[in-house]
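Remarks on the structure that follows.
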Amino acid sequence: MKVAVIGTGYVGLTTAVSLAVKGHEVLGIDVDAAKIEQLSDGRSPIYEPGLDHVLLETLGQGKIRFSTNLPEAEEAQVVFVCVGTPEAEDGEADLRYLHAALQEIASLHNHSPKERTVVIKSTVPVGTGDQAAVSLRHCKGLQVVSNPEFLREGCALEDALNPSRIIVGADSEEAIAVMQTLYSGMSAPWVITTRANAELIKYASNAFLAARISFMNELARLSTVLGTDITVVSHGMGLDNRIGPQFLRAGVGFGGSCFPKDTIALLKLANQYGVTLSLLEKVREVNASQPVWFFNQLVSKIPDLAGKRIAVLGLAFKPDTDDIREAPSLRILAELLAAGAVVAAYDPVAAKAVEALFPDVEYVTTPQAAFAGAHAAVLVTEWQACVKLDWKLIKEQMEQPLLFDGRNAWPHDELKKAGFEYLGVGKS
């Protein structure tokens, strides 16, 4: 099929490339001319494992190309909308980019009418797809579908090629048939439903996963005072097939582009209808306070941080991405600098973006350089480069062998035997 994808961010670019891999003819559209030039040269503007290679491959095969001009998509049978829906000042989803994309699609369709399916993949409040269908009702032959994404940064390409499920919200058999043709060959379970249901499935999924993380972080605080080990507790919980092991790891809180903004957007939506989601309110409260709770564990060991060198390992909100949106590291860096600490930070791909926010931090090019002369080290993001380390050498380099493991990823027993003082999240 001939497909256009409006927006070349994490979702849009991954969607475009994965569809090209499946054999469709794809045109990626973005208003950023510099980004389009970069993509046309085969260079991804985002860090995502495997994406650069597949982008170059599909470009070479002529299966994908990029442009700033939507009119070039006049032959497209399917137009994906993958624009950002960031959190507005009031917490609601900002739909200005979505509305702009829909207006462009209407202009394209009026200029070159044909049977087309508009697929909204952006995360949008419930009712947005129906409103889009109403606004485009004058475009004869145009169908609107809600098809939310469930991509995990760091393995987004794999998720796009092998989705856990395919959710299609549509009100016509013709639109459903188009989506079945588009995704033919994928073995994932299908849910065919209304646009509103599809939109709520996306928000509810992210809210539930966020709730699991915050629940474990609260249990970790209790575990700290009880002297129990939250990693053993979570393992035991996860063996119950009614619970499962996913998203039961305690840490320094969730970040990224989805969980923070989607939970607040869902709360705002509920508030509009007079519904209180008190559990979700608590989820956000716990997450906001978790980096501070973790920082206070450091303060309990070093009450006066002024002039102390602290190593911070990992800055992206999770491994295998350069995304720092809502990253817990940002709050921890702010607290350390406010306390007068001298901070040395390492991240293999996200350091440059963080440096623009915190220029007073020393950014080093190896994890070992961060440890040198440090009075304590903090693991915030569990990159393999930050986990697999020569601990004998590091102990010799540190001024004080004090470790704070914000992801419970360092070898706890080995480090204690080697003479380190170790504190994890919910374990000691």
Side-chain angles (χ1 to χ4, degrees), residues 1-7 9-28 73 76-83 85 93 95 98 101-102 105 109 114-137 139 141-152 156-209 258 262 265-266 269:
M1 300 184 78
K2 293 183 178 180
V3 181
V5 179
I6 302 176
Y10 280 93
V11 174
L13 182 55
T14 305
T15 298
V17 170
S18 65
L19 290 171
V21 169
K22 295 296 183 181
H24 301 292
E25 295 180 33
V26 182
L27 174 64
Q77 301 155 277
V78 181
V79 180
F80 277 88
V81 179
C82 301
V83 296
T85 53
L95 301 181
L98 177 80
L102 293 176
I105 292 169
H109 194 78
K114 64 181 297 179
E115 297 292 323
R116 280 195 183 89
T117 303
V118 176
V119 182
I120 299 177
K121 211 163 208 23
S122 302
T123 302
V124 294
V126 177
T128 302
D130 289 344
Q131 293 166 8
V134 170
S135 70
L136 296 172
R137 64 185 180 277
C139 298
L142 194 150
Q143 307 277 349
V144 176
V145 170
S146 175
N147 176 221
E149 56 83 17
F150 300 97
L151 307 178
R152 299 165 297 167
L157 184 59
E158 173 64 22
D159 287 345
L161 293 170
N162 301 286
S164 60
R165 70 275 205 199
I166 298 172
I167 310 295
V168 172
D171 60 3
S172 74
E173 292 299 324
E174 293 82 3
I176 294 168
V178 168
M179 299 304 292
Q180 289 172 332
T181 300
L182 186 72
Y183 289 134
S184 63
M186 291 188 178
S187 59
W190 280 68
V191 176
I192 298 175
T193 183
T194 65
R195 287 184 287 255
N197 280 344
E199 290 160 347
L200 186 55
I201 286 169
K202 169 63 177 180
Y203 273 119
S205 297
N206 280 355
F208 183 71
L209 295 176
C258 293
D262 290 355
L266 187 54
L269 178 67

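Numbering of residues begins at 1 and proceeds along the displayed sequence.
Between Ala170 and Val145, the shortest heavy-atom distance links the atoms CB-CG2, 4.0 Å. Of all non-hydrogen atoms in Leu182 and His24, the two that sit nearest each other are O-NE2, 2.9 Å. In plain terms, the two heavy atoms of Ala156 and Thr14 that are nearest each other are O-CG2, 3.4 Å. Nearest heavy-atom pair across Thr193 and Ala198 is CG2-N, 3.9 Å. Closest approach of Ala73 and Ala4 over heavy atoms only: CB-CB, 3.7 Å. Across all non-hydrogen atoms, the minimal contact from Ile120 to Ala132 is CD1-CB, 4.0 Å.
Taking the salt bridge (Lys or Arg N to Asp or Glu O under 4.0 Å) definition, one finds that Lys114 meets it with Glu75, sequence neighbours left out. Partners of Gln77 according to the side chain to side chain donor-acceptor pair (under 3.5 Å) rule, which considers only residues two or more places apart in sequence or in another chain, do not exist here. Residues satisfying the side-chain contact (heavy atoms from CB on, under 4.5 Å) criterion with Thr181, sequence neighbours excluded, are Met1.
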For this session: Kindly determine whether Leu161 and Lys22 satisfy side-chain contact (heavy atoms from CB on, under 4.5 Å), including the steps that lead there.
Result: CA-CA 8 Å; Leu161 293 170; Lys22 295 296 183 181; 4.1 Å; yes
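Between Leu102 and Gln131, every side-chain heavy-atom pair lies at or beyond the 4.5 Å cut-off. Residues Glu174 and Glu115 have side chains not in contact (no heavy-atom distance under 4.5 Å, counting atoms from C-beta outward). Inter-residue side-chain proximity for Glu149 and Thr15 is flagged as unmet; no heavy-atom pair is nearer than 4.5 Å. A 4.5 Å side-chain heavy-atom check between Leu95 and Pro125 finds at least one atom pair inside the cut-off. Contact of the Val81 side chain with the Ile105 side chain is registered, since non-hydrogen atoms from C-beta on lie closer than 4.5 Å. Using a 4.5 Å cut-off on side-chain heavy atoms (C-beta onward), Ser205 and Arg165 make contact. Between Ile176 and Trp190 the shortest side-chain heavy-atom distance does not fall below 4.5 Å.
Applying the salt bridge (Lys or Arg N to Asp or Glu O under 4.0 Å) test to residues at least two apart or on different chains, none of the pairs has a partner in residues 178-189. Residues in residues 176-200 take part in these salt bridge (Lys or Arg N to Asp or Glu O under 4.0 Å) pairs, two or more places apart or across chains: Asp130-Arg195, Asp171-Arg195. Each salt bridge (Lys or Arg N to Asp or Glu O under 4.0 Å) pair with one or both residues in residues 10-19, not counting sequence neighbours, would appear here, but there are none.
In this structure, the side chain of Thr117 does not engage the main chain of Ala175 through any donor-acceptor pair within 3.5 Å.
Atoms CG and CG, on Leu19 and Leu27 in that order, are 12.5 Å from each other to the nearest 0.5 Å. Between atom CG of residue Asn147 and atom NZ of residue Lys202 there is a gap of 11.0 Å, rounded to the nearest 0.5 Å. Asp262 contributes atom CG, which lies 5.0 Å from atom OG1 of Thr123 (distance to the nearest 0.5 angstrom). Rounded to the nearest 0.5 Å, atoms CD1 (Ile167) and CZ (Phe150) are 5.0 Å apart. The distance from atom NZ of Lys121 to atom CG of Leu151, rounded to the nearest 0.5 Å, is 7.0 Å. Put simply, CZ on Arg152 and SG on Cys258 are 12.5 Å apart, with the number rounded to the nearest 0.5 Å.
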